[in-house]
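Some notes on the structure that comes next.
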Amino acid sequence: MLLEVFVILGTIIVYFLRSRKKEETLSFKDGWWGRGQKPDTEEDATIWPFKVETTEKDLSDLYRRLDEARFSEPLEDSCFHYGTNSVYLRKVVSYWKNQFNWKKQVEILNKYPQFKTKIQGIDIHFVHVKPPCLPEGRSAKPLLMVHGWPGSFYEFYKIIPLLTDPASHGLSDEHIFEVICPSIPGYGFSEAPHKQGFNSVSAASVFYELMLRLGFSEFYAQGGDWGWLICTNLAQIAPNHLKGLHLNLASVTNMGFTHLLSILLGRYLPGLFGFQEEDVRRMFPFLKKGLYRILLESGYAHIQATKPDTVGCGLNDSPVGLAAYILEKFSTWTDLEFRNLEDGGLERKFNLDDLLTNIMIYWVSGCIVSSMRFYKENLQKGIGTQKHEKLPVQVPTGIASFPNEIMHTPQAWAQKKYTNIVSFHLMPKGGHFAALEEPELLAEDILQFVGRVEKEQLWRKKGE
Amino acid sequence: MWLALSLREPALGVGGMVVCWLMSRRKIKRLEMGDGWWGSGERPLRENEDERIRPFKIETSDKEIEDLHHRLDQARYAPPLEGAAFHYGFNSDYLQKVVAYWRNQFDWNKQVEILNKYPHFHTTIEGIDIHFIHVKPPYVPHGRAVQPILMVHGWPGSFYEFYKIIPLLTEPAKYGLGDGDVVFEVICPSIPGYGFSEAPHQKGFDSRATARIFHKLMKRLGFKEYYVQGGDWGSRITTNMLVQVMLGAYVPWLVGFTREDVRRMYPFMQKNVYDLLRESGYLHIQATKPDTAGCGVNDSPVGLAAYILEKFSTWTNKSFLHKDDGGLESKYSLDELLTNVMIYWVTSSIVPSMRYYKENFSQDPHLTNDSRIGVYVPSGIAAFPEEIAHTPRSWAKMIFKNIVSYSYMPRGGHFAAFEEPKLLAQDIIHFVRRVEQL
């Protein structure tokens, strides 16, 4: 074991020495993701309204597949340790078939105005919600919220009203937002790229164009999971347009020697490395809470980053398989202890209607394969190797660190990348799907962050 | 470094681990055999297990075939990225062609007849039904000894992988492989959880348990001594190996590498680290969340085919990644490939087959411990050039202390028995000849 540690140490030292030279900016990535050749004509910039639709044919096809589903009996006493427990899965499928009302859920999805527009050759879907009532003389602040995998724009449906109409929800209405939630290309109702190479910088560039097309020259961005990375890239591409960046995940992929040292010694000398007590509690013992945990939980990322078309194939053809795959994340990433429960603890924090609606978005759009390709496009060269991972973020940043995230990033590490952290809060409860699980907590944090930025007009002080 | 080592083994095959166990049974330091119970619920108090060996025939029905056809007809595909070939996994344009063949030309009834041409059996061991085929030579000259050989498949293969090599071993003279001085009777079991062997109902069923069960099987069949052949073998990386790797490219002779070793292993990072990382996603997810990974592919035959056939492409030859059709039909027929897939489909065994990875990895430190004990039984190694990673003799020696033959095969990849049966049979016979003369 010690040998391995030294080899890792050695490798990182070499990396560190090699990556001394730093460039400051990330450029906007232009691209063409449509089918075939890029046409000579200028892109059609119209924005047209969109509604989610469903047909009887879709539903009967789905029900047939649910009826014919083949399950494998779980091992005795395995709970969720081998993945989604098929005994519990059967219950979910029974609910799905008999009680879940997709037509009703589609109506719920359509309650917020949705649109599409073509950018860089593909149709981009987004939700655009304006405040229902703005007090006289006030303006709404545009807020871009980006989802991740295996989520969707639907994850924001509970938090949107808290941000567009805070007063009605017992929150301070000092700041009111108009919220834009796009679907990442390849997810949900956004068209999937037809060309290789569509990564987080591409997505950030597309969303940047979207915001400009909507007429916003200054806005806030919020994200977790892939949304974290896309919004971070956005902050790196267009720092002058982004007033503030709020994240509920702050991973640091460009590890250096100090990181390694802090892993080895941080438990014993927390102060030296800038760790708080809660940081130590969440991170150590490091093997158990860091390394082994990551290994245990990152199989999906490994296969998606290498063979997305293979792993996605069966999931696009079997709704039960798709549900098992996605629900496992909603269980484990909400609370790792849920692996010890026969039902994966899913219904403790979410209701089946919400979980199944998210799954249905993947099913009806057939997007599971393209959603997985995003992993390959971003990770195929390895973690810590891309240019943007080495660049800092100078936009005012607020970070809400939820306790049940798979891996904890302490402020001491985050501030090496996010050099302008305005607020960093260790949240009292909640996991990876913060917007869906703890919308009030997240909304409050966003509001206080924006409050600080606006009060001191921090975006003006960035200066390069 | 440990990451590289634990990736390498199972990337290469599951059968090998079982073989390792079986062989290490008989070495100087004895391994604890232990005992086990894998049936549902509690082990019955009465001691005696039903030891009968029951003949078995694979069956199918119209219903089964109709259900399959119906699923193939309603399959949903996602179009591949432009120019992706097999770099993102199984190309769905080519998959549609395979499925069209599967739906319209593949004849499962006929394939079942082919499967049944060798005698199949079931017997209950440690609470679960073990399936195996047992093929005896049709004709044995008077006084000639028949060598029993146990051949163990891997993932995502099955006993069916051996169908082409079996006749070469039971009737070698007929196929120009010698004058019949070495003749075999072949036993190919299905690993519990694979194909027609019952899946264990309890946690913890690993390669050690498998080896013990197969050893009991051979005993039950009356064999006190037998040969074992497996997909491949694992090896453990040590500090010695690190030094060898670093120097090997420059002074191979100094560290015990041959020129062929160097040709197959370097550039080291590319061939051993990057390639392994690129090819081991399946292993990672199966070793951690098998029930999740297997769920969809147990329900979608098209998904199952994509998942399994991707391995038959890439593990046969890495350059097949660049081909739009994954080079599959250049080495195998669709009938063969689909018959193997059907074995997983009709038995619904993909999930338990994946669980095997988790059971073996959870015990990893345990495995390491016992592997250090080494294998003293005479061993023969056939190193095929297109295997994911090459293990030179000097590394194999760390576990296999008694290597009687080590051959660089001229061609062939991971599914050696399937792809190059004659080459493999020749090497097995050559190895056994040496052992028998000792």
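Please read these numbers as outputs of a predicted model, since none were measured by experiment. The chains referred to below are lettered A, B, ... by the order of the sequence lines, with proteins before strands, and numbering in each begins at 1.
Side-chain contact, B/T210 with B/Y356: a donor N or O sits under 3.5 Å from an acceptor N or O. Side chains of A/Y82 and B/E359: a donor-acceptor N/O pair is present below 3.5 angstrom, by distance only.
Interface remark: of the candidates B/R71, B/Q286, B/K289, B/K289 forms the most heavy-atom pairs closer than 4.5 Å to chain A. The choice from B/Q202, B/R278, B/M354 that makes the most heavy-atom pairs within less than 4.5 Å of chain A is B/Q202. The choice from A/Q380, A/H81, A/E76 that makes the most heavy-atom pairs within less than 4.5 Å of chain B is A/E76. The candidate from A/L315, A/L296, A/N85 with the greatest count of non-hydrogen atom pairs under 4.5 Å with chain B is A/L296. Between chain B and the options A/A301, A/G312, A/A323, A/G36, heavy-atom pairs under 4.5 Å are most frequent for A/G36. For the set B/D291, B/V302, B/L309, the entry with the most heavy-atom pairs within less than 4.5 Å of chain A is B/D291. Comparing A/T306, A/N316, A/T332 by heavy-atom pairs within less than 4.5 Å of chain B, the highest count is held by A/N316. Top candidate by heavy-atom pairs under 4.5 Å with chain A, chosen from B/Y77, B/F86, B/F90, B/W345, is B/W345. Put simply, of A/G314, A/P319, A/A192, A/A305, the one with the most heavy-atom pairs under 4.5 Å next to chain B is A/G314. By number of non-hydrogen pairs under 4.5 angstrom with chain B, the leading residue of A/C367, A/A324, A/S72 is A/S72. Here B/L81 is the residue among B/L81, B/D67, B/L304 with the most heavy-atom pairs under 4.5 Å with chain A.
With a 4.5 angstrom heavy-atom cutoff, A/Q304 does not touch chain B via any of its atoms. Using a 4.5 Å cut-off between heavy atoms, A/S298 contacts chain B through both its backbone and its side chain. Both the backbone and the side chain of A/K195 come within contact range of chain B, with heavy atoms under 4.5 Å apart. Contacts between A/S86 and chain B at a heavy-atom distance below 4.5 Å are absent for every atom of the residue. Interface residue A/R35: backbone and side-chain heavy atoms are both found under 4.5 Å from chain B. B/E310 touches chain A through its side chain: at least one heavy atom from C-beta onward sits under 4.5 Å away, while N, CA, C and O do not. Contact annotation for B/I350: neither backbone nor side-chain heavy atoms come within less than 4.5 Å of a heavy atom of chain A. In this structure, the portion of A/L89 lying under 4.5 Å from any heavy atom of chain B is its side chain and not its backbone. Residue A/W363 touches chain B through both its backbone and its side chain, counting heavy-atom pairs closer than 4.5 Å. Neither the backbone nor the side chain of B/S92 comes within contact range of chain A, judged by heavy atoms closer than 4.5 Å. For B/Y274, no part lies near chain A; criterion is any non-hydrogen pair under 4.5 Å. Looking at B/S40, the atoms closer than 4.5 Å to chain A (heavy atoms on both sides) sit in the backbone and in the side chain alike. Contacts of A/P193 with chain B are made by backbone atoms alone, with heavy-atom separations under 4.5 Å and no side-chain atom involved. Using a 4.5 Å cut-off between heavy atoms, B/I308 makes no contact with chain A at all.
Across A/F80 and A/S331, no two heavy atoms sit closer than the pair CD2-OG, 3.9 Å.
Residues passing the ring pair (Phe, Tyr, Trp, His ring centres under 6.0 Å) test with B/H201: none are found, sequence neighbours excluded.
Ion pairing of B/K203 with A/D77 is absent here, as no side-chain N (NZ or NE/NH1/NH2) approaches a carboxylate O to less than 4.0 Å.
Between B/L276 and B/I388, some side-chain heavy-atom pair lies under the 4.5 Å cut-off. Using a 4.5 Å heavy-atom threshold, the side chains of B/K323 and B/Y94 count as separate.
Ring pair B/Y282/B/Y307: centre-to-centre distance not below 6.0 Å.
Remark: side-chain polar atoms of B/N340 are paired, donor with acceptor, to backbone N or O of B/P156 under 3.5 angstrom. Side-chain atoms of A/R339 come within 3.5 Å of backbone N or O of A/L336 as a donor-acceptor pair. A/S371 places no side-chain N or O within donor-acceptor distance of the main-chain N or O of A/Y187, the cut-off being under 3.5 Å. Side chain of A/H194 to main chain of A/W32: no donor-acceptor pair is present (N/O by atom type, distance under 3.5 Å, no hydrogens or angles).
Remark: of the listed residues B/N317, B/L321, B/T316, B/N317 is the sole one forming a side chain to side chain contact (heavy atoms under 4.5 Å, CB included) with B/S319.
Relative ring orientation between B/H87 and B/H322 is described as tilted, the plane-to-plane angle lying within the 30° to 60° band. In this structure, B/F205 and B/W38 have perpendicular ring planes: the angle between them is above 60°, well past the 30° mark.
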